[in-house]
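Step one of this worksheet: look at the structure below.
Position 1 is the first residue of the sequence; numbering continues from there. Note that ligands are numbered from 1 as they come in the structure, with each ligand's atoms numbered from 1 the same way.
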Amino acid sequence: MSKLVTILIPVHNEQESIPELVSRINNVISGLPQYRWEILMVNDGSTDNSLLLMRQLHAENPQYRYIDLSRNYGKEVAMLAGMDHARGDAVVILDADLQDPPEILPQMIEAWEQGYDDIYARRNDRGRESWLRRVMTRCYYRLLSRLSSTPVLQNVGDFRLLDRRCVDALCSMRESQRYTKGLYSWIGFNKKEITFDRHDRVAGRSKWSLVKLFSLAVEGITSSSTRPLKLASLLGFSISLLAAVYIVWIVIKTLAFGETVQGYPTLMVTILFLGGIQLLTIGIIGEYVGRIFNETKNRPTYFVREIDGIERENDKK
Ligand code: UDP
Ligand code: MG
């Protein structure tokens, strides 16, 4: 039997994008009749009519499947839910807003047939994004590549084709605070890069606020590296060393010249500086303790309300 390819689409309030998305996907897959297709949309707690559209699509064409999550879990978890339920020999992850053009799918499939397991798309151009966001993204990737042992590629998102092996590998990692971008490179396998031009959203607006992006950035660092902890010890060590030198200097100075009570500025500066460093390092440790706390609760990553029109009892991971 011919191979089955799943197109996995996390959806959060995308009712305006879905019609065009569907027509463009239909266009692309009609050009690849040698494969069987499954288009799996994951409704990640949409508050608009996205779910209704999915139900309709499934009723008209059973190739279109959907999972309705019990609430909004975020894209990372939505993708995990999709991968858990995908049946394909390969899974292509696609954004619903058409910023990832489905038209390069044939290219991905070709590379897959050549034996690659993870064909990721790198964008040439980030579309219309603010100047601030561009600069911050660049700084972030630089920091991340310094800190992390498994590199995260710049300008590469979740838009990629994953062989079944990669999907199984990703599904086996059940951490609830997921940073999938780090996981892709962690699992390894045969990777290949293709490039594309990123477009603007067709409708609606990005749900990433600056605050959300910042917490994703912290997530990315703390999930893939313990180097900030080492940095904290290094900082403590060098400051103690400086302090030791300073103590010797003070002792000598007092012995040689005596001491009139002075030095309020030095005292304040030292106290404030050390206080700041201590709070910073406690904060870093706190980030990791927080992660440990969340993972040890060992909760299911998500709950499903409905799959392809059938309501679920929550037996699923
Ligand atoms: N998305 C999701 N859950 C969320 C936020 C976003 O499933 O909580 C989906 C969204 O519907 C879209 C994809 O993730 O298909 C990318 O979202 P968005 O366009 O907001 O992110 P950006 O392109 O700005 O990175
Ligand atoms: Mg987008």
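Atoms of ligand 1 found under 4.0 Å from any heavy atom of Glu14, numbered from 1 in the order shown, are 10 (C), 11 (O), 12 (C), 15 (O). Those atoms of ligand 1 that come under 4.0 Å of a heavy atom in Asn72, given as number and element, are 3 (N), 4 (C), 8 (O). Using a 4.0 Å cut-off to heavy atoms of Val11, the atoms of ligand 1 that qualify are 7 (O), 11 (O).
Geometric assessment of Arg71 against the ring of Tyr73 yields a positive cation-pi assignment under the 6.0 Å and 45° thresholds.
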Check: Checking salt bridge (charged side-chain N to carboxylate O under 4.0 Å, His left out) for the pair Glu113/Lys3: CA distance, chi angles, key distance, verdict?
Finding: CA-CA 11 Å; Glu113 291 293 1; Lys3 291 178 181 168; 3.1 Å; yes
Margin query: Evaluate Lys75 against Asp95 for salt bridge (charged side-chain N to carboxylate O under 4.0 Å, His left out), listing each step before the verdict.
Written below: CA-CA 10 Å; Lys75 186 184 177 189; Asp95 274 6; 2.9 Å; yes
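Among Asp44, Leu94, Asp95, Val77, the residue whose heavy atom lies nearest to atom 2 (C) of ligand 1 is Asp44.
Using modelled atom types, one side-chain atom of Asp48 and one backbone atom of Gln15 make a donor-acceptor pair closer than 3.5 Å.
Residue side and main chain included, Asp97 places an N/O/S atom under 2.8 Å of the Mg ion (ligand 2).
With a 4.0 Å heavy-atom cut-off, ligand 1 is reached by no atom of Asn13.
For Ala78, no nitrogen or oxygen atom sits less than 3.5 Å from a nitrogen or oxygen atom of ligand 1, counting backbone and side chain alike.
Below 30°, between 30° and 60°, or above 60°: for Tyr35 and Trp112 the angle between ring planes is between 30° and 60°, a tilted geometry.
The environment of OH in Tyr179 is crowded: more than 12 heavy-atom neighbours from other residues, nucleotides or ligands sit within 6.0 Å.
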